[in-house]
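Reading through the structure tokens given below for one structure.
Read the numbers this way: they start at 1 and go in the same order the structure lists the ligands and their atoms. The basis for the numbers below is simple: all heavy atoms, side chains too, and nothing from hydrogens, waters or symmetry mates.
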Amino acid sequence: MSTILELQHVSEVFGGLTAVDDVSFEVERGSLVALIGPNGAGKTTLFNAITSVVPPTSGRVLLHTEQGTVELNKKAAYQVAKLGLSRTFQNIRLFADMSVRDNVAVAMTSSYRESFVATMLRLPSFYKKEAAVRERADQLLADFDLTPYADTEAGNLPYGEQRRVEIVRALATSPQVIFLDEPAAGMNPEETADLMRLIRKLQSDYHVTVVLIEHDMSLVMNLAQRIFVLDHGKLIADGTPDEIKANEEVVSAYLGGGVHA
Ligand SMILES: Nc1ncnc2c1ncn2[C@@H]1O[C@H](COP(=O)(O)OP(=O)(O)OP(=O)(O)O)[C@@H](O)[C@H]1O
């Protein structure tokens, strides 16, 4: 196994508040890991720091690829996305008035970029690329049982389906790492079970490294191979689900008596 993502002493300071405090850890290529911790622990802030949405105040975020190592903290968010990191947000950010297919296709346009001239003149290559984008979007929708909704406006879908579309859209750019911010929030048990199958598929069929923030401990303990625990911005534990469940500091900071795994 090799490391794909490495955080070295990452901190994020907002005015007088240290939201992420000297966090270092490594994520193995192809693994499925979770970031957990109480409300306000700094989980979303850390996602924002890794993906350069809000670059870290200090520390380094390294992406190790076959071509070499890239320092993500020196890149803009769009460059980080191009390097193969994609994410979903706590609040769903689909284009509500666009069809499900178009939501997925739009995400792909950056990887299938056609020249301005070819687009304006509608040259044959433009139509070829358009067809390729549509074909791949439809393939992804089929893989994730979303074909019946392909022509539905995304905003009209039930909540759980919208979340699934968002994850499939994040996958459309063929990322190396996907970051999911509370994917099970607001889902009923049936939707959560579907979501767990979807997340497993990202790893098993698409070989994507998955990093997720989640408060649903049953989902986390069942899915994650490794768990990182944040509390007040600090990494207080890092281990397998069994190690985390047995960690007294984690139990008193976060899990309490309520781990239903
Ligand atoms: N842009 C910002 N400016 C100032 N403070 C911020 C900013 N973003 C986050 N914070 C603060 O940083 C801390 C960490 O917030 P963050 O949203 O990362 O926590 P979280 O672990 O994701 O919480 P939750 O589980 O509730 O989503 C909080 O105290 C929050 O108020």
Residues 204-212, side-chain donor-acceptor partners within the protein, below 3.5 Å, at least two apart:
| residue | atom | partner | partner atom | Å |
| --- | --- | --- | --- | --- |
| Ser204 | OG | Arg200 | O | 3.1 |
| Tyr206 | OH | Asp143 | OD2 | 2.3 |
| Thr209 | OG1 | Gly30 | N | 2.8 |

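Here side-chain hydrogen bond (donor to acceptor under 3.5 Å, both in side chains) pairs that include residues 27-38, with residues two or more places apart or in two chains, are Ser2-Arg29.
Side-chain contact check for Thr45 versus Phe14: some heavy-atom pair is nearer than 4.5 Å.
Between Asp22 and Lys234 there is no salt bridge, since no side-chain N of the basic residue sits under 4.0 Å from a carboxylate O of the acidic one.
In the hydrophobic clustering of this structure, Leu62 does not group with Val27; members are Ile, Leu, Val, Met, Phe, Trp, Tyr whose side-chain heavy atoms approach within less than 4.5 Å, directly or through other members.
Using a 4.0 Å heavy-atom criterion, the residues that approach ligand 1 are Phe14, Leu17, Ala19, Pro38, Asn39, Gly40, Ala41, Gly42, Lys43, Thr44, Thr45, Gln90, Glu182, His215.
In the hydrophobic clustering (ILVMFWY side chains linked at under 4.5 Å, chained through shared members), Phe89 stands by itself.
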